[in-house]
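Here the structure is laid out as structure tokens; the discussion comes afterwards.
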2 protein chains.
Amino acid sequence: MNEKLTESLENYLETIGMLIKKNKIARVKDISKELNVKNSSVNIALNVLADKGLIIHEKYGYVELTPEGKKIADDIQHKEDVLLRFFTEILGVDKDIALKDACRMEHTISDETLAKLIFFIGKVDKESSFKKAIQKNMKG
Amino acid sequence: MNEKLTESLENYLETIGMLIKKNKIARVKDISKELNVKNSSVNIALNVLADKGLIIHEKYGYVELTPEGKKIADDIQHKEDVLLRFFTEILGVDKDIALKDACRMEHTISDETLAKLIFFIGKVDKESSFKKAIQKNMKG
DNA sequence: AAAAAATGTTAGAATAATATAACTTTAAAA
DNA sequence: TTTTAAAGTTATATTATTCTAACATTTTTT
């Protein structure tokens with residue numbers, strides 16, 4: 001069990017988590033709009049996620065995350081947040097571009113690299129010598 | 001024209017470029033071994049790449065890169081190199097893990113973010129204040 | 001040079017992700 | 001409350017990537 005999800009399924013889970021956080025509920029329509037796919041594609045993905053025990057979805061009803069599904073959704077969201085912060089705050093990448101990059105890389109960064117990146121960002125926040133040099137990077 | 005390649009096709013191109021650099025020639029067998037796929041899968045991918053004008057592949061012959069194909073292969077390899085350096089030299093990630101991460105992220109990092117990352121790595125190399133703090137990160 | 005081994009190719013099947021089109025159910029309007 | 005609109009579902013098809021198995025060609029051995 002616990003086999004790695006595909007990038008597509010991870011995106012569905014993450015989107016569901018985001019919608020629940022934002023609107024309290026997640027509907028098929030909102031998921032398809034967010035991911036730029038058709039309702040039928042969402043349905044197929046939801047069936048797969050339900051089979052894996054990551055969501056609950058009664059016919060014609062809202063979509064809910066199981067505890068396990070929520071854990072995965074939160075994990076991916078966290079990776080996105082870390083990458084986004086690194087790209088924007090430290091590298092000085094434009095926010096839109098940084099977000100797109102983060103949304104793609106969040107599926108491939110390893111836990112080890114993520115941990116090092118988090119540690120690095122923390123260091124930068126604390127050490128003023130870092131910050132000064134980083135300001136220069138922002139302009140380039 | 002110039003439509004974005006799939007991650008799979010990018011990997012084939014990059015591998016072909018690497019093999020040519022290493023062995024002067026690239027054979028189906030070596031590509032399949034490198035990418036852990038079957039010869040038949042390689043053949044199908046080679047047909048697609050040949051259709052796109054990125055490689056030259058005569059039946060039962062070696063695989064060659066066209067100038068356009070070489071450009072793409074080099075570009076991906078460059079992205080991998082930059083990511084690998086960042087992960088190992090600045091974040092202090094274990095080399096094997098860093099390489100795996102770089103090999104996946106090389107397909108998704110944008111040119112903008114890559115440019116900022118290159119600039120950042122250059123800065124780190126020059127500024128000693130950076131280096132000191134980074135040594136600490138390596139231990140964590 | 002003939003036989004055997006290695007390499008390369010093609011045909012057919014499987015999985016994953018998506019789409020379109022037809023249909024069903026639920027929600028909203030008249 | 002009936003009709004209409006919106007949302008959700010299912011069936012069928014397409015594309016991409018891979019596989020296995022059968023077949024072809026090339027290379028190596030004997």
Side-chain angles (χ1 to χ4, degrees), chain A residues 1-16 19-20 22-65 69 72 76 103-104 106-108, chain B residues 1-16 19-20 22-65 69 72 76 103-104 106-108:
Chain A
M1 63 184 70
N2 233 7
E3 335 136 330
K4 179 131 182 36
L5 293 177
T6 64
E7 176 166 334
S8 172
L9 291 179
E10 283 191 353
N11 275 327
Y12 280 108
L13 272 189
E14 186 189 17
T15 300
I16 293 163
L19 287 169
I20 290 173
K22 195 176 98 181
N23 306 333
K24 307 287 185 211
I25 57 165
R27 284 182 303 181
V28 170
K29 187 194 60 163
D30 299 323
I31 299 167
S32 59
K33 192 178 174 188
E34 190 67 29
L35 292 175
N36 293 307
V37 296
K38 301 297 173 188
N39 283 354
S40 55
S41 304
V42 173
N43 250 280
I44 290 167
L46 294 183
N47 288 338
V48 176
L49 291 170
D51 278 353
K52 292 180 185 291
L54 301 174
I55 66 166
I56 294 162
H57 182 220
E58 282 173 32
K59 246 187 181 179
Y60 299 101
Y62 300 138
V63 181
E64 301 189 42
L65 292 170
I72 297 173
I76 300 163
C103 282
R104 280 179 277 119
E106 71 195 10
H107 306 287
T108 51
Chain B
M1 65 182 71
N2 235 4
E3 335 137 328
K4 179 129 178 41
L5 294 176
T6 63
E7 176 165 335
S8 173
L9 291 180
E10 283 190 353
N11 275 326
Y12 280 108
L13 271 188
E14 186 190 16
T15 299
I16 293 163
L19 288 169
I20 290 173
K22 197 176 96 178
N23 307 332
K24 309 287 185 212
I25 57 167
R27 283 182 304 180
V28 170
K29 187 195 63 166
D30 298 323
I31 299 168
S32 61
K33 191 177 174 189
E34 191 67 30
L35 292 174
N36 292 307
V37 297
K38 300 298 172 187
N39 283 354
S40 55
S41 305
V42 173
N43 250 281
I44 290 167
L46 294 184
N47 289 337
V48 176
L49 291 171
D51 278 353
K52 290 180 185 292
L54 301 174
I55 66 166
I56 293 163
H57 182 220
E58 283 173 32
K59 244 185 180 179
Y60 298 103
Y62 300 139
V63 182
E64 300 189 43
L65 292 170
I72 296 173
I76 300 162
C103 283
R104 280 179 275 120
E106 71 195 10
H107 306 287
T108 51

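So that the names make sense, note that chain A is the first sequence line, chain B the second, and so on, each numbered from 1.
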Report task. Mind calculating the distance between CG (A:L46) and P (C:dA17) to the nearest angstrom? Result -> 13 Å
Query - Partners meeting side chain to side chain contact (heavy atoms under 4.5 Å, CB included) with B:I44 (sequence neighbours left out) - result: none
Query raised in the report: Rounded to the Å, how far apart are A:Y60 OH and C:dA28 P?
Result: 16 Å
Requested in this report: Can you tell me the distance, in whole Å, between the NZ atom of A:K4 and the P atom of C:dA16?
Outcome: 14 Å
Query raised in the report: By salt bridge (charged side-chain N to carboxylate O under 4.0 Å, His left out), which residues pair with A:E34, not counting sequence neighbours?
Result: none
Requested in this report: Under the side chain to side chain donor-acceptor pair (under 3.5 Å) rule, collect the residues that match up with A:S32, sequence neighbours excluded.
Outcome: A:N39
Query raised in the report: Rounded to the nearest 0.5 Å, how far apart are CG of B:L65 and CG of B:L49?
Result: 9.0 Å
Query raised in the report: What is the distance, rounded to the nearest whole Å, between atom CD1 of B:I31 and atom P of C:dA6?
Result: 20 Å
Report task. Could you list all the side-chain hydrogen bond (donor to acceptor under 3.5 Å, both in side chains) pairs where at least one residue sits in residues 46-62 of chain B, not counting sequence neighbours? Result -> B:E3-B:K52
Requested in this report: Could you tell me whether B:R104 and B:E7 make a salt bridge, using a distance below 4.0 angstrom between a side-chain N and a carboxylate O?
Outcome: no
Report task. Return the value, rounded to whole Å, for the distance between atom CZ of B:R27 and atom C1' of C:dA6. Result -> 10 Å
Report summary line: B:Y62 OH to C:dT9 P, in whole Å, measures 13 Å
Requested in this report: Name all residues meeting the side chain to side chain donor-acceptor pair (under 3.5 Å) criterion together with B:N43; count only those two or more places apart in sequence or in a different chain, and write none if there are none.
Outcome: none
Report task. Apply side chain to side chain contact (heavy atoms under 4.5 Å, CB included) to B:A26 and list each qualifying residue two or more places apart in sequence or on a separate chain. Result -> B:I16, B:L19, B:I20, B:V63
Pairs: protein N or O with nucleotides 2-4 of chain C N or O, under 3.5 Å:
none

Report task. Mind grabbing the angle between the end helix axes of the helix from C:dA1-D:dT30 to C:dA30-D:dT1? Five pairs an end, 10° rounding. Result -> 0°
Query raised in the report: For D:dT9, does OP1 or OP2 lie under 4.0 Å from any side-chain N or O of A:H57?
Result: yes
Query - Distance, rounded to the nearest Å, where B:E58 contributes CD and C:dT9 contributes C1' - result: 15 Å
Report task. Whole angstrom is fine here: how far is it from CD1 in A:I25 over to P in C:dA27? Result -> 11 Å
Query raised in the report: Any side-chain heavy atom of A:L54 sitting closer than 4.5 Å to one from A:L9?
Result: no
Query - Pairwise side-chain hydrogen bond (donor to acceptor under 3.5 Å, both in side chains) hits with a residue in residues 22-31 of chain B, at least two apart - result: B:R27-B:D30
Query raised in the report: Using a cut-off of 4.0 Å between protein heavy atoms and nucleotide atoms, how would you tag nucleotides 10-22 of chain D 5' to 3' with B, S and -?
Result: B-----SSBBB--
Query raised in the report: Which pairs count as salt bridge (Lys or Arg N to Asp or Glu O under 4.0 Å) when at least one residue sits in residues 36-45 of chain A, sequence neighbours excluded?
Result: none
